[in-house]
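Note sheet for the following structure.
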Amino acid sequence: MFYIKRCDYEAKAVILRPTFYKQEVMDTIQIKDKQFKVSIEAETIQAEVARVANEINKDLIGKNPLFLSVLNGAFMFTADLLKHITIPCEVSFVKLASYEGTSSTGTIKEMIGLNADLTGRTVVIIEDIVDTGLTMQHLLESIALHNPEKVLIASLLLKPDKLKVELDIQYVAMSIPNDFIVGYGLDYDGFGRNYPDIYTVID
Ligand code: 5GP
């Protein structure tokens, strides 16, 4: 029977992981009609994600938070963040379905797929990126209808210069310029979510 001792496995993980990321970094990638250049490497992302997790671990001791991950974009951030969470917690997933709203903002996104009871809970929304902040604003309104005790936001990325609404975002892994990015869960027309690094579009 094939068998790896736990200590061997751990030693391999420590040695191989940084090398793996280094080998995988590509300076530029092509997705459909657009070229992208690497802007945040995996090591930096991992360090910032661990930092955010440690802040959450300290802030939410005794709160048994429910992490609410917003698919699809937040899937990688969620997986990596949760590996560093050491306090008791639950995780659940929702999606945002777009529909044409009647308000001046045009497209409104409705939260679907919630199967957790948020009543009286400390909820931490895990989002990939806050750009104008309109999506997050709608999400906060939808979540408030479920009577949570408290709602906090953990966003992998924030474009501070694009924000159109006032938002209290407690945890931000990285702030970035206004450019369009892909990788680490974020896509361009469905592609590019698989990269461990983040890439910025080249005009
Ligand atoms: P907001 O409502 O804050 O303007 O937009 C939030 C959503 O827009 C994100 O959840 C994400 O799906 C998308 N988005 C905003 N900026 C970017 C970006 O630079 N790259 C990608 N791939 N998606 C983005």
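First listed ligand is number 1; within each ligand, the first listed atom is number 1.
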**OP:** Please could you name the atoms of ligand 1 that T132 approaches to less than 4.0 Å, counting only its heavy atoms?
**Re:** 1 (P), 2 (O), 3 (O), 4 (O)

**OP:** Kindly compute the distance separating CG (L134) from NZ (K109), expressed to the nearest 0.5 Å.
**Re:** 9.0 Å

**OP:** Under 4.0 Å from a heavy atom of G133: give me the atoms of ligand 1 that qualify, with their elements.
**Re:** 1 (P), 3 (O), 4 (O)

Subject >> L66 to S92 - nearest heavy-atom pair and separation >> reply: CD1-CB, 4.2 Å

Original post:
Atoms of ligand 1 less than 4.0 Å from T135 heavy atoms?
Top reply: 1 (P), 2 (O), 5 (O), 6 (C)

**OP:** Distance to 0.1 Å, residue and atom name: give those for the protein heavy atom nearest to atom 8 (O) of ligand 1.
**Re:** K109 NZ, 4.5 Å

Subject >> For atom 20 (N) of ligand 1, the protein heavy atom that lies nearest, with its residue and separation >> reply: I181 O, 2.8 Å

Original post:
Is R51 salt-bridged to E48, going by a charged N under 4.0 Å from an acidic O?
Top reply: yes

Original post:
Where is the nearest protein heavy atom to atom 24 (C) of ligand 1: which residue, which atom, and how far?
Top reply: I129 CG2, 3.9 Å

Subject >> Side-chain donor/acceptor of S39 to backbone N/O of I198, under 3.5 Å >> reply: yes

Original post:
Nearest heavy atom to atom 10 (O) of ligand 1: which of D128, N72, I198, D189 does it belong to?
Top reply: D128

**OP:** Have a look at ligand 1 and work out which part of V182, if any, has a heavy atom under 4.0 Å from it: side chain, backbone, both or neither.
**Re:** neither

**OP:** Please round to the nearest 0.5 Å and tell me the distance separating atom CG of N178 and atom OG1 of T200.
**Re:** 11.5 Å

**OP:** May I ask you to identify the nearest protein heavy atom to atom 15 (C) of ligand 1, giving residue, atom name and distance to one decimal place in Å?
**Re:** D131 OD2, 3.4 Å

Subject >> Heavy atom of the protein closest to atom 22 (N) of ligand 1 (residue, atom name, distance) >> reply: D187 O, 2.8 Å

**OP:** Check each heavy atom of E127 against ligand 1 and say whether those closer than 4.0 Å belong to the side chain, the backbone, both or neither.
**Re:** side chain

Original post:
Is a donor on one side and an acceptor on the other found under 3.5 Å between the side chain of Q170 and the backbone of I153?
Top reply: yes

Original post:
Taking atom CG of D128 and atom CG of N72, what is their separation to the nearest 0.5 Å?
Top reply: 9.5 Å

Original post:
Is there a donor-acceptor pair under 3.5 Å between the side chain of K34 and the backbone N or O of Y188?
Top reply: no

Original post:
Are K159 and ligand 1 in contact, using a heavy-atom cut-off of under 4.0 Å?
Top reply: yes

Subject >> Interfacing atoms of ligand 1 (cut-off 4.0 Å, heavy-atom, F180) >> reply: 18 (C), 19 (O), 20 (N), 21 (C), 22 (N), 23 (N)

Original post:
Under 4.0 angstrom from atom 1 (P) of ligand 1, is there any protein heavy atom?
Top reply: yes

Original post:
Do D197 side-chain atoms and V38 backbone N/O form a donor-acceptor pair below 3.5 Å?
Top reply: no

